[in-house]
Number of protein chains: 2
Amino acid sequence: MERDDTAGHRAGPGPLNRRTVLRAALDLVDEHGLEALSMRRLGQVLGRDPMAVYRYTANRKEVLAGVAELVLEELETFPDDVHWQGQLRRMAHELRRVCLRHPNVVPLLVTGPLSTPLGLRPAGTLRPLEQILGILIRAGFSPRGALHVYRAFYGFLYGHILNELQELIADPHENEALLRLGLQRLSLRDFPHLRSLAPELLEYDGAQELDEGISILLAGLGQHLKDTTAAAEGA
Amino acid sequence: MERDDTAGHRAGPGPLNRRTVLRAALDLVDEHGLEALSMRRLGQVLGRDPMAVYRYTANRKEVLAGVAELVLEELETFPDDVHWQGQLRRMAHELRRVCLRHPNVVPLLVTGPLSTPLGLRPAGTLRPLEQILGILIRAGFSPRGALHVYRAFYGFLYGHILNELQELIADPHENEALLRLGLQRLSLRDFPHLRSLAPELLEYDGAQELDEGISILLAGLGQHLKDTTAAAEGA
DNA sequence: TCCAAACCTCTACAGTGTAGACATCAGGCG
DNA sequence: CGCCTGATGTCTACACTGTAGAGGTTTGGA
């Protein structure tokens, strides 16, 4: 009898493996959103019984964590042959690119770690941290200083990505109409500034905005460092 | 016959109202996390049939949105009689305070807006935006410039809060043990910097870190503005 | 007293995560 | 060859979820 293949291809003839499962999960999330990722549907996509998934992941939460890790693995790493500031810039744009490619996963990236203490997180999640620390320390920062810079930088970076994803939903065409309509609903008395900003809100350029933010941050850092190291060099 | 009151007090003798429902939902989330907020459990807490909730909110998603809005309403607003930079500082600390008071709600604050375009968001969510725009514009920024500053500022702010919540889970006692254990698990070869930073990671002071970040950001902004306005004043 | 609206409950359905027992299959060993 | 063993996948079942639809109950006004 032919195998029932009406819904979802069998991922391959051989046995499943963790990676295949996670890739299927990621596809599902990319295409239909986080809520569409149910164990049953995942099984369907893989062409197996839903319970088969449990051979490779402990539970749904672990699937989600795995999806997040998979996305982080897409981050390209650069050789550190440039100035640390350029390095940070490139890493920022790279993270932004990956996030824009998987917008539905971003909530996982952002709030997933909230439930697991830093020490217990999978190595993949911690790699960017280690990398940035390395860049900064090689650039002459003290470990403690590097940690501070990392926090400010990554904080800003994730914040920007969230911001950008908020402002830019779906396709821009209907976005424009929606925005104008939405803004008009707001009382002119309570939201005068916001209402007048419709044009600026529409021509949002995420990459440039990110770059500008980083420039501001780095400029501030330079200033900050001058103060701190001036004191240190006096000793 | 006595009313069955074994689980959850009736919120009051009279009929329910939207506010009571949302407050109960917020309590539930604060105490038992986002996942504990089911319509059935909410009904139980309110001492009514689960379906009673649907009289006041369309569905579960709306309950969650309502909870987020409720939390944002806790934000105290300050009179704008100080320098704009001080104003921003105060708003940042205020948001941080509220978020630390309701850590379980933060994922909602951060990812909730992702699903609704800016124009369609409830007024409560947009109020901080409007307020900051007002402060900046009164301080002499162009509307467009104010928007940029707002984005950098709020991006950094939310990023910081997420960072802080990640590093600081539950009580610090067991946190220390967990952190050390977790870090030792990492290979010394792949994570040399991270492993050496255990002490610094432990003495994290969120408020100070936030303040420092803002200082860096504002310093950078000052620099940035000098460049931009210098050109503008030349005209 | 009667009505109408507001409020609440009951029942039911389709969907969820996952524990536990079972079936199927591969390969190694006698 | 037969037989065992472990890996892999399936089946069933349970407790739970959101919520549609129909009905009951309470309340205030005429």
Side-chain angles (χ1 to χ4, degrees), chain A residues 1-25 28-29 31-68 104 107-108 112 115, chain B residues 1-26 28-29 32-68 104 107-108 112 115:
Chain A
M1 191 196 294
E2 295 280 318
R3 200 183 270 117
D4 178 11
D5 239 358
T6 52
H9 320 265
R10 205 158 235 250
L16 247 44
N17 57 52
R18 188 181 156 95
R19 208 167 172 80
T20 323
V21 169
L22 293 182
R23 295 197 65 81
L28 213 45
V29 171
E31 201 156 350
H32 300 100
L34 272 179
E35 306 185 342
L37 175 48
S38 73
M39 299 306 258
R40 286 170 153 93
R41 193 145 175 202
L42 187 49
Q44 188 177 324
V45 167
L46 291 166
R48 314 284 158 103
D49 185 278
M51 278 304 166
V53 174
Y54 285 88
R55 288 283 156 197
Y56 306 96
T57 57
N59 48 42
R60 195 182 114 103
K61 284 179 81 165
E62 207 185 283
V63 175
L64 292 173
V67 167
N104 293 335
L108 286 185
S115 31
Chain B
M1 194 197 291
E2 293 282 318
R3 199 182 271 118
D4 178 11
D5 237 0
T6 51
H9 318 266
R10 205 156 235 252
L16 247 43
N17 57 53
R18 188 180 156 93
R19 209 167 172 77
T20 323
V21 169
L22 294 182
R23 296 198 65 82
L26 175 54
L28 214 45
V29 172
H32 300 100
L34 271 179
E35 305 183 343
L37 176 48
S38 75
M39 300 306 257
R40 285 172 153 93
R41 191 144 176 204
L42 186 49
Q44 187 177 324
V45 166
L46 290 165
R48 314 283 156 103
D49 184 278
M51 284 320 250
V53 174
Y54 286 87
R55 206 56 56 186
Y56 305 96
T57 56
N59 48 41
R60 194 184 114 104
K61 282 179 81 164
E62 208 184 283
V63 176
L64 291 174
V67 166
N104 294 334
L108 286 183
S115 33

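Numbers restart at 1 for each chain; the letters A, B, ... are given by sequence-line order, proteins then strands. Reckoned from all heavy atoms, side chains included, excluding hydrogens, waters and symmetry mates.
- Using a 4.5 Å heavy-atom threshold, the side chains of A:Arg55 and A:Arg18 count as separate.
- Which of D:dT10, C:dC8, D:dT8 sits closest to the side chain of B:Arg48 comes down to C:dC8.
- Straight-line distance from the CG atom of A:Leu34 to the P atom of C:dG17: 13 Å, rounded to whole Å.
- Atom CZ of A:Arg41 is separated from atom P of C:dT16 by 9 Å (rounded to the nearest Å).
- A donor-acceptor distance shorter than 3.5 angstrom exists from the side chain of B:Tyr56 to the backbone of B:Leu16, with no hydrogens or angles considered.
- Between the OH atom of B:Tyr56 and the C1' atom of D:dT19 there is a distance of 18 Å, given to the nearest Å.
- A straight line from CD of B:Gln44 to P of C:dC8 spans 17 Å, rounded to a whole angstrom.
- As a whole-Å value, the separation of B:Leu64 CG from D:dT17 C1' is 14 Å.
- In this structure, the CE atom of B:Met51 is 10 Å from the P atom of D:dG21, given to the nearest Å.
- Listed candidates were D:dT19, D:dT17, C:dG20. Nearest to the side chain of B:Ser38 is D:dT17.
- When the side-chain contact (heavy atoms from CB on, under 4.5 Å) test is applied to A:Asn17, the partners found at least two apart in sequence or on another chain are A:Arg19, A:Thr20.
- Residue order along DNA chain D, read from the 5' end via each residue's closest nucleotide, puts A:Ala52 first among B:Ala36 and A:Ala52.
- Residue B:Tyr54 has no polar side-chain atom (N or O) positioned under 4.0 Å from OP1 or OP2 of D:dG18.
- A:Arg55 comes within 4.0 angstrom of a nucleotide base, judged by non-hydrogen atoms across all strands.
- Atom pair B:Met39:CE and C:dG15:C1' shows a separation of 16 Å (rounding to whole Å applied).
- Set against D:dT12, C:dG17, C:dC8, the side chain of A:Arg40 has C:dG17 as its closest nucleotide.
- Each of A:Pro50 and B:Asp49 was assigned the nucleotide of DNA chain C with the nearest heavy atom; the assignment lying further toward the 5' end belongs to B:Asp49.
- Between the B:Arg60 side chain and the B:Leu37 main chain, a donor and an acceptor come within less than 3.5 Å of each other.
- Between the CG atom of B:Leu46 and the C1' atom of C:dC7 there is a distance of 14 Å, rounded to whole Å.
- The listed nucleotides are C:dT18, D:dT8, C:dT9; the one nearest the side chain of A:Pro15 is D:dT8.
- In this structure, the side chain of B:Asn104 does not engage the main chain of B:Leu34 through any donor-acceptor pair within 3.5 Å.
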